[in-house]
Amino acid sequence: MKRLTAEEPQDNFETMMNYVYSKDGWAYIRHDGVHEDVPLTQWARRQCAARGCADEDLPGDTPEEIDEALCGCMMDCPDCPIALAYCFASQAVHLRDRLKRYEDTGLEPEEINSVIEENKQLKKLAQAEKEGRLWMLAVLPQGRPGGQRNGVYVIEDGEIYDDYVVGVYIGVDSNGELRCGYETYDGSDFYDADIGKTAFLTREEAETAQKKMEEIEGCCDA
């Protein structure tokens, strides 16, 4: 799909779609019939003066003063053509900026919809995590032994035992803290906090921990 936003319009349609644009936080008109790249606030002030606004009713000189005055005109004189034109152009600039950000991603509309849905799901997951409803399981349970993907290695009494997880539960421990527990085939259940201490997901990690335990015990015996 051809994009609508362009920094350098090449034809009449592109020029019309990009006739007002933002720069340095302000709206600009691509051409006012005499000059190029004209600040919208300055164009509007000249139009006010040309249409006979009294000196005391003219907007100020700075962009901030002009913007504030024209926004006030929209509220007090909704039939003022200059205030209406300023409003329309400002709206177009904000919408163009938002559209440009989407088009700069290079995504097609259906892809953008997919990203939006994924973002909604991420927000739900973030909220669930914030509320303590989201848990990331270190290992999935399996129905039969032999699956190395879900194998665990538990250290008991200095020995490493191969095991596998058959169930997962979430509950409150004796201290009132919410914990995630893993039930193993051989009954060597452990909590998520035990992973990396007495329960390991690879034999290498378990063997490294076992050696450290032996070194500590050796130091104590000495």
Side-chain angles (χ1 to χ4, degrees), residues 1-138 140 149:
M1 179 178 293
K2 182 179 179 180
R3 63 182 295 155
L4 296 178
T5 59
E7 296 303 320
E8 298 181 1
Q10 300 300 310
D11 53 39
N12 290 340
F13 179 76
E14 284 191 358
T15 300
M16 182 173 62
M17 291 293 99
N18 297 273
Y19 212 81
V20 286
Y21 60 95
S22 64
K23 183 172 67 174
D24 301 327
W26 292 96
Y28 281 73
I29 300 174
R30 200 163 293 279
H31 202 291
D32 67 354
V34 179
H35 303 98
E36 294 183 353
D37 301 323
V38 180
L40 178 63
T41 51
Q42 293 299 324
W43 174 88
R45 191 181 191 283
R46 289 202 301 268
Q47 298 305 312
C48 291
R51 281 160 178 72
C53 286
D55 290 341
E56 62 270 17
D57 295 329
L58 284 174
D61 295 323
T62 67
E64 292 80 5
E65 292 172 336
I66 297 172
D67 180 76
E68 183 178 356
L70 290 170
C71 289
C73 286
M74 276 296 300
M75 300 296 103
D76 301 331
C77 306
D79 59 341
C80 172
I82 307 308
L84 282 173
Y86 186 81
C87 174
F88 299 156
S90 297
Q91 178 185 21
V93 167
H94 284 288
L95 292 177
R96 179 185 180 277
D97 283 349
R98 182 68 61 86
L99 175 60
K100 184 178 184 300
R101 286 199 291 270
Y102 280 124
E103 292 186 330
D104 284 347
T105 66
L107 298 175
E108 293 295 326
E110 59 273 14
E111 295 176 303
I112 292 176
N113 290 335
S114 176
V115 171
I116 291 174
E117 290 303 317
E118 290 178 2
N119 187 52
K120 289 180 180 178
Q121 184 63 22
L122 288 175
K123 288 182 178 180
K124 290 181 181 179
L125 293 175
Q127 184 63 29
E129 183 178 20
K130 182 178 180 181
E131 296 173 357
R133 297 184 291 108
L134 180 66
W135 291 82
M136 182 178 293
L137 301 181
L140 292 174
R149 180 172 61 88

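Quantities reported herein were computed from a predicted structural model and do not represent experimental measurements.
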Anything under 3.5 Å between a donor and an acceptor, one on a side chain of residues 110-120, the other on a protein residue two or more places apart or in another chain? List them.
from, atom 1, to, atom 2, distance (Å)
Glu111, OE1, Glu108, N, 2.7
Asn113, ND2, Pro109, O, 3.4

**Report entry** Sequence neighbours excluded, every pair satisfying salt bridge (charged side-chain N to carboxylate O under 4.0 Å, His left out) that has a member inside residues 27-50
**Finding:** Asp32-Arg46, Arg45-Asp61

Requested in this report: Mind checking side chain to side chain contact (heavy atoms under 4.5 Å, CB included) for Ala49 and listing every partner two or more places apart, or none if nothing turns up?
Outcome: Leu58

Query raised in the report: Quick one: are Arg96 and Val20 in side-chain contact, heavy atoms under 4.5 Å?
Result: no

**Report entry** Exercise: identify the closest heavy-atom pair between Ala89 and Leu40
**Finding:** CB-CD2, 3.6 Å

Query - Partner set under side-chain hydrogen bond (donor to acceptor under 3.5 Å, both in side chains) for Arg101, not counting sequence neighbours - result: none

Query - With Leu137 via side chain to side chain contact (heavy atoms under 4.5 Å, CB included) - residues at least two apart - result: Leu140, Val168, Cys180, Tyr182

Query raised in the report: What pair of heavy atoms forms the shortest contact from Asn18 to Ala6, and how long is it?
Result: OD1-N, 2.9 Å

Query raised in the report: When rounded to the nearest 0.5 angstrom, what distance separates CG in Leu122 from CD in Glu129?
Result: 11.0 Å

**Report entry** Qualifying residues under side chain to side chain contact (heavy atoms under 4.5 Å, CB included), relative to Gln121, sequence neighbours excluded
**Finding:** Lys124, Leu125

Query - With sequence neighbours excluded, residues passing side chain to side chain contact (heavy atoms under 4.5 Å, CB included) with Asp11 - result: Lys2, Phe13, Glu14

Report task. Give a yes or no on whether Lys23 atom NZ has more than 12 heavy-atom contacts from other residues, nucleotides or ligands under 6.0 Å away. Result -> yes

Report task. Under the salt bridge (Lys or Arg N to Asp or Glu O under 4.0 Å) rule, collect the residues that match up with Asp104, sequence neighbours excluded. Result -> Arg3, Lys100

Report summary line: Tightest non-hydrogen contact, residues Val93 and Tyr21, listed as CG2-N, 3.8 Å

Query - Spacing of Met74 atom CE and Leu84 atom CG [to the nearest 0.5 Å] - result: 5.0 Å

Requested in this report: Kindly write out the residues that satisfy side-chain hydrogen bond (donor to acceptor under 3.5 Å, both in side chains) with Glu65, not counting sequence neighbours, or none if the list is empty.
Outcome: Thr62

Query - Smallest separation among heavy atoms of Ile82 and Ala44, with atom names - result: CG2-O, 3.6 Å

Report summary line: side-chain hydrogen bond (donor to acceptor under 3.5 Å, both in side chains) filter on Gln127, not counting sequence neighbours, yields Glu131

**Report entry** side-chain hydrogen bond (donor to acceptor under 3.5 Å, both in side chains) against Glu64, all qualifying residues, sequence neighbours excluded
**Finding:** none

Report task. Take atom CE of Met136 as the centre, draw a 6.0 Å sphere, and report whether it contains more than 12 heavy atoms from other residues, nucleotides or ligands. Result -> no

Query - Within residues 72-94 or reaching into it, pairs that qualify as side-chain hydrogen bond (donor to acceptor under 3.5 Å, both in side chains) - sequence neighbours excluded - result: Asp67-Tyr86

Report task. Determine whether Ile66 and Leu70 make a side-chain contact, defined as any pair of heavy atoms from C-beta on separated by less than 4.5 Å. Result -> yes

